[in-house]
There are 2 protein chains.
Amino acid sequence: MVKRTSFEGDACPIARSLDAIGDWWSLLIIREALFGLRRFGEFQSKLGMAKNILAVRLRSLVDHGILETAPASDGSAYQEYVLTEKGRGTFPILVALRQWSEEFDDHPEEITTILVDRKKGRPVRKLELRADDGRLLTQADTTLKLRPAPRRRSA
Amino acid sequence: MVKRTSFEGDACPIARSLDAIGDWWSLLIIREALFGLRRFGEFQSKLGMAKNILAVRLRSLVDHGILETAPASDGSAYQEYVLTEKGRGTFPILVALRQWSEEFDDHPEEITTILVDRKKGRPVRKLELRADDGRLLTQADTTLKLRPAPRRRSA
DNA sequence: GCAACATAGTTTTATGATGCAACCACTGGA
DNA sequence: TCCAGTGGTTGCATCATAAAACTATGTTGC
């Protein structure tokens, strides 16, 4: 298989995520979908991508259960692409990507948008990783453990 | 340029992140680097990827300031690849990918590792997005705002 | 009810990226 | 010195990607 080395069977959850949304366009499509875009043409004109690529990506996202097709909604007989629960669940990933860019980008002045709390209009905090008991954790405070039950594997 | 439509100049920080780490292997390399891998051969055998691809990716990550080459460390005259501050800053992204997979994967039983708090050995909480005043936020509680003006940046 | 246009794709074709294998340079040890 | 291991680079086949043309419906104007 010369292909894109699918990590579908890999034990690492990061690889598994990337298998579904690890390509260039998928996350951008999801980003637009979170903002309410639904129609093929909307995605196409907003993202400026080729229609064939968009078609392939949309189908892939539907196959992965991230988007689903809805028969209609605005009266017309066309179909729409809406996020599933799984699709909406990618929100923290997008936030993490955004915050990483905000913090480390070489040209942060080119970033023109801020993610804000809708109620107060103020910027959100950085994503927080906390322990069971509420302590804030950094990468150094964490480690990987094998899951108790099944087989073992080094990863 | 028929190329991979670089979003280097794009205003969206998500696109900008993807421009640096949006490809298949980069995040996996970073994942291993976070676990302490440093040597070319370690990455190559651990990830099972072709050496030429690894070489290209490592160079790209170095160019993006995510990795840097260190002259040596264990006595041998070879070089090593270590994460920069920017590289370590991707940790929340990896956690978000991991947690998304844990929550929505079709075959979660195949995931063999758990991210735990090093001190107590207990699983970490889900990443939390909070408002300025500490309220927990979901996607629906947030919105995007245009940045007023290029003011000074803290951090 | 038919022509013109918009929507949502598929097909075609060209080129860039990926992956495997082979090759090469350098290091360190016997 | 020879030889194995490390750290790559080069060639070549294959695959994915992208732009543009084409198609098949749905919709609108008259």
Side-chain angles (χ1 to χ4, degrees), chain A residues 1-10 15 18-29 32-33 36-64 67-82, chain B residues 1-10 15 18-29 32-33 36-64 67-82:
Chain A
M1 208 182 205
V2 192
K3 232 207 87 176
R4 188 80 154 274
T5 331
S6 170
F7 282 125
E8 233 177 1
D10 198 282
L18 292 177
D19 200 58
I21 54 174
D23 75 275
W24 242 95
W25 291 110
S26 295
L27 276 171
L28 295 177
I29 293 172
E32 298 301 334
L37 262 60
R38 295 161 157 255
R39 295 286 284 266
F40 185 95
E42 288 179 325
F43 289 110
Q44 204 263 320
S45 62
K46 185 83 181 192
L47 291 171
M49 63 193 294
K51 295 198 292 180
N52 53 345
I53 305 297
L54 176 57
V56 170
R57 287 285 161 270
L58 287 175
R59 191 175 10 250
S60 164
L61 289 170
V62 170
D63 289 346
H64 277 99
L67 292 177
E68 59 189 357
T69 53
S73 120
D74 66 336
S76 81
Y78 298 111
Q79 69 175 354
E80 300 185 336
Y81 297 90
V82 296
Chain B
M1 213 180 197
V2 193
K3 231 209 89 176
R4 189 83 155 266
T5 332
S6 169
F7 282 125
E8 232 177 2
D10 198 283
L18 291 177
D19 200 56
I21 54 174
D23 75 274
W24 242 95
W25 291 110
S26 294
L27 277 172
L28 294 178
I29 292 171
E32 299 301 334
L37 263 60
R38 296 160 156 257
R39 296 286 285 266
F40 186 94
E42 289 179 326
F43 288 112
Q44 205 263 319
S45 63
K46 188 82 182 192
L47 291 171
M49 64 194 293
K51 294 198 292 180
N52 54 346
I53 306 294
L54 175 58
V56 170
R57 287 286 162 269
L58 287 175
R59 192 174 11 251
S60 164
L61 289 170
V62 169
D63 288 346
H64 277 99
L67 292 176
E68 59 189 357
T69 53
S73 119
D74 66 336
S76 80
Y78 297 112
Q79 68 176 354
E80 300 185 336
Y81 297 89
V82 296

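Below, chain A is the first sequence line, B the second, and so on; all start at residue 1.
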Next item on the list: Give the C-alpha distance, both sets of side-chain angles, the deciding distance and a yes or no for side chain to side chain contact (heavy atoms under 4.5 Å, CB included) between B:Arg57 and B:Trp24.
Entry: CA-CA 10 Å; B:Arg57 287 286 162 269; B:Trp24 242 95; over 6 Å; no
Checklist line | Test item: B:Lys51 and B:Phe40 side chains (from C-beta on) under 4.5 Å apart, heavy atoms | finding: yes
Margin query: What is the separation between atom CG on A:Leu54 and atom C1' on C:dT10, rounded to the nearest whole Å?
Written below: 13 Å
Next item on the list: Send over the distance from A:Gln44 CD to D:dA19 P, rounded to a whole Å.
Entry: 10 Å
Margin query: When you measure from the side-chain N and O atoms of B:Arg39 to the phosphate of D:dG7, is any distance below 4.0 Å, counting only OP1 and OP2?
Written below: yes
Note to self: Can you give me the closest heavy-atom contact between B:Ala33 and B:Leu67, atom names plus distance?
What the structure shows: CB-CD2, 4.4 Å
Next item on the list: Identify whether any heavy atom of A:Gln79 sits under 4.0 Å from a base atom; if not, whether one sits that close to sugar-phosphate; answer base, sugar-phosphate or nothing.
Entry: sugar-phosphate
Check: Rounding to a whole Å, what distance do you find between B:Arg59:CZ and C:dT18:P?
Finding: 13 Å
Next item on the list: State, to 0.1 Å, how close A:Ile29 and A:Leu61 come at their nearest heavy-atom pair, and which atoms those are.
Entry: CG2-CD1, 3.8 Å
Check: With a 3.5 Å cut-off and just heavy-atom distances, do the side chain of B:Tyr78 and the base of C:dG28 make a donor-acceptor pair?
Finding: no
Next item on the list: Considering just the side-chain nitrogens and oxygens of A:Trp25, establish if one lies under 4.0 Å of OP1 or OP2 belonging to D:dA18.
Entry: yes
Notebook entry, point to check: Nearest to the side chain of A:Asn52, which nucleotide is it out of D:dA19, D:dT6, D:dA21?
Noted result: D:dA19
Check: Please give, in whole Å, the distance from C:dT18 P to A:Leu18 CG?
Finding: 14 Å
Margin query: Nearest whole Å is fine: how far is C:dT18 P from B:Leu47 CG?
Written below: 15 Å
Next item on the list: Take the protein atom CZ of A:Phe43 and the nucleotide atom C1' of C:dT7, then report the distance between them rounded to whole Å.
Entry: 15 Å
Next item on the list: Find the distance A:Ile53:CD1 to C:dG9:P and express it as a whole number of Å.
Entry: 15 Å
Margin query: Using a 4.0 Å heavy-atom cut-off, does B:Tyr81 contact any base of the nucleic acid, only the sugar-phosphate backbone, or nothing at all?
Written below: sugar-phosphate
Margin query: Can you tell me which nucleotide in D:dA18, C:dG9, D:dG8 comes closest to the side chain of A:Ala50?
Written below: D:dA18
Notebook entry, point to check: Taking NZ from B:Lys51 and P from C:dA22, how many angstroms apart are they, rounded to a whole number?
Noted result: 12 Å
Next item on the list: Indicate the atoms forming the closest heavy-atom contact of B:Gln79 with B:Thr69, along with that distance.
Entry: OE1-CB, 3.5 Å
